[in-house]
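Hydrogens, waters and symmetry mates play no part in the numbers below; they use all other heavy atoms, side chains included. Sequence lines set the chain letters: A, B, ... in the order given, protein chains first and strands last, and positions in each chain run from 1.
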Amino acid sequence: MNDLYKKEVRTALVSWFEEEKRDLPWRKTKDPYKIWVSEVMLQQTKVDTVIPYYERFIAKYPSLESLASAEEGELLKEWEGLGYYSRARNLQAGVKEVVESYGSVVPSNRKEISKLKGVGPYTAGAVLSIAYGVPEHAVDGNVMRVLSRLLLIKEDIAKPKTKKIFEEAVMELIDKENPSAFNQGLMELGAVICTPTKPKCLLCPVREYCTAFFEGKQEELPIKTINKKTKIHKMKAIVVEAKDGRILLEKRPSKGLLANLWQFPMVELPTNSHSVEETIAHYYGISMIKSEEIIAFKHIFSHLVWEMESYEALLIEENNLPANCKWFTKEEIEYQPMPVPVLKIWNAWKERNL
DNA sequence: AACCCGGGGCG
DNA sequence: CGCCCAGGGTT
């Protein structure tokens with residue numbers, strides 16, 4: 001890359017961004033805390049989904065201090081549906097560190113900000129450049145895709161080592177006068193123009209500098225090796241209502257998938273020798289007089305699929321429950337953060353019974 | 001370096 | 001329905 005090429009690329013990118021950028025809530029502020037929150041949410045979810053979550057979250061927790069002192073259950077309820085719940089916990093842990101050890105000022109250098117829980121190389125660079133105007137790289141999947149095409153980088157982006165190549169490329173190209181617009185411009189380009197499939201090259205502000213476009217290879221980049229196969233778990237869940245109207249919930253293990261969240265009692269299929277209802281009733285030590293299928297759906301994420309069916313059941317008598325089970329009033333359930341598949345069961349059940 | 005962690009969207 | 005997307009933490 002010669003100096004003229006670099007200058008022309010960053011000028012074209014930054015002016016395009018300033019001109020065309022989408023009007024997003026977190027682009028109205030330079031508050032490092034709010035930028036931080038938005039970046040954590042955007043790591044896992046598309047912009048359109050994040051917007052309402054971000055608005056509610058900032059309204060409820062407008063400052064570092066308010067989030068630091070938040071009750072965890074309430075925090076997770078705000079996060080409900082976003083997934084990756086450990087990131088909400090890590091975000092709060094990081095925010096607490098800032099309040100307690102940095103006088104409520106988010107650090108403005110990579111070394112210190114990277115010590116915060118949940119702040120990795122990407123988030124560090126994003127907050128530093130966007131909130132503080134520090135010329136630091138913020139390489140995410142969008143940036144790797146854009147640069148692999150622009151500079152015809154053929155390394156496998158699935159390999160951890162490869163990210164360093166892109167970080168160095170960003171540090172060479174970055175606009176030191178406006179690192180915020182430069183980094184956001186790369187990501188915006190990846191989001192709206194330089195998309196994974198069918199990139200809109202004819203609308204691209206840096207098309208004339210794009211090596212892959214010149215060679216007609218933009219659809220072949222980036223190179224990425226395939227990921228692993230999906231595991232399938234078929235589950236059946238039941239909604240058990242006691243005579244006093246309370247509902248039985250079970251707490252998930254403290255580690256692993258959806259750690260510590262509450263769900264309806266469920267068993268993995270197939271069950272042999274007994275019906276699903278009998279198996280569940282036996283396992284949880286309860287009795288049921290009827291069960292009826294009300295909903296079926298599946299829940300997908302990168303390496304696992306649940307196929308769940310919900311049953312409703314009626315409790316005749318309470319026996320000794322497993323230690324991780326508890327009766328909740330219907331009101332209490334509304335304040336309980338739950339996985340989306342469990343929520344769907346609950347909403348379907350309510351629609352039929354309340 | 002490999003694996004784990006949700007949920008949504010697309011063809 | 002199969003497939004893709006993605007950054008940080010843990011092992």
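- A cation-pi arrangement is present between A:R56 and A:Y53 under the rule of less than 6.0 angstrom and at most 45 degrees off the ring axis.
- The side chain of A:V340 lies closest to B:dG8 when the candidates are B:dG8, C:dG8, B:dG6.
- Taking the side chain of A:T49 as heavy atoms from C-beta on, and the options B:dG8, B:dA1, B:dG7, the nearest nucleotide is B:dG8.
- The listed nucleotides are C:dG8, B:dG6, B:dG11; the one nearest the side chain of A:K198 is B:dG11.
- When the nearest nucleotides of DNA chain C are assigned to A:K117 and A:V139 by heavy-atom distance, the more 5′-ward of the two goes with A:V139.
- The side chain of A:K163 has C:dG8 as its nearest neighbour among B:dA1, B:dG7, C:dG8.
- The interatomic distance linking A:L257 (CG) with B:dC3 (P) rounds to 18 Å, in whole Å.
- A:K224 comes within 4.0 angstrom of sugar-phosphate atoms only, judged by non-hydrogen atoms across all strands, and of no base.
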Please assess A:W262 against A:I333 for the test side chain to side chain contact (heavy atoms under 4.5 Å, CB included), listing each intermediate value before the final yes or no.
CA-CA 9 Å; A:W262 292 83; A:I333 290 182; over 6 Å; no
For A:E332 and A:W327, what are the C-alpha separation, side-chain angles and deciding distance, and is it a side chain to side chain contact (heavy atoms under 4.5 Å, CB included)?
CA-CA 10 Å; A:E332 285 168 339; A:W327 295 99; over 6 Å; no
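- B:dG8 and C:dG9 are spaced 24 Å apart, taking the P atom of each and rounding to whole Å.
- Residues passing the salt bridge (Lys or Arg N to Asp or Glu O under 4.0 Å) test with A:E55: none are found, sequence neighbours excluded.
- Atom NZ of A:K344 and atom P of B:dG7 are 9 Å apart (whole Å).
- Of the candidate nucleotides C:dG8, B:dG8, B:dG7, B:dG7 has the atom lying nearest to any side-chain atom of A:Y85.
- Within 4.0 Å of A:Q44, counting heavy atoms only, lies at least one base atom of the nucleic acid.
- Remark: P of B:dG8 and NZ of A:K46 are 12 Å apart, rounded to the nearest angstrom.
- Residue whose closest nucleotide on DNA chain C sits further toward the 5' end, between A:K255 and A:G141: A:G141.
- For A:E177, the CD atom counts as loosely surrounded, since its 6.0 Å shell holds 12 or fewer non-hydrogen atoms of other residues, nucleotides or ligands.
- Between A:M187 atom CE and C:dC5 atom P there is a gap of 18 Å when expressed in whole angstrom units.
- Per the geometry, CE belonging to A:M41 stands 17 Å off C1' belonging to C:dG8, to the nearest Å.
- Among the atoms of the strands shown, only primed sugar atoms or phosphate atoms (P, OP1, OP2) are found under 4.0 Å from some heavy atom of A:V119.
- Comparing atom distances between the A:P341 side chain and each of C:dG8, B:dG7, B:dG8 picks out B:dG7 as nearest.
- Of the residues listed (A:N260, A:L76, A:L75), the one engaging A:Y85 in a side-chain contact (heavy atoms from CB on, under 4.5 Å) is A:L76, and it is the only one.
- When heavy atoms are screened at a 4.0 angstrom cut-off, A:T123 is found touching the sugar-phosphate backbone but no base atom.
- For A:L82 and B:dG8, the CG to P distance is 9 Å, given to the nearest whole Å.
- Residue A:K159 places no side-chain N or O under 4.0 Å from the OP1 or OP2 atom of B:dA2.
- Taking atom CG of A:N90 as the reference point, atom P of C:dG8 lies 11 Å away to the nearest angstrom.
- The distance from atom CZ of A:R89 to atom C1' of C:dG8 is 15 Å, rounded to the nearest whole Å.
- Along DNA chain B, the nucleotide closest to A:M338 and the one closest to A:P160 are compared, and the more 5′ of them pairs with A:P160.
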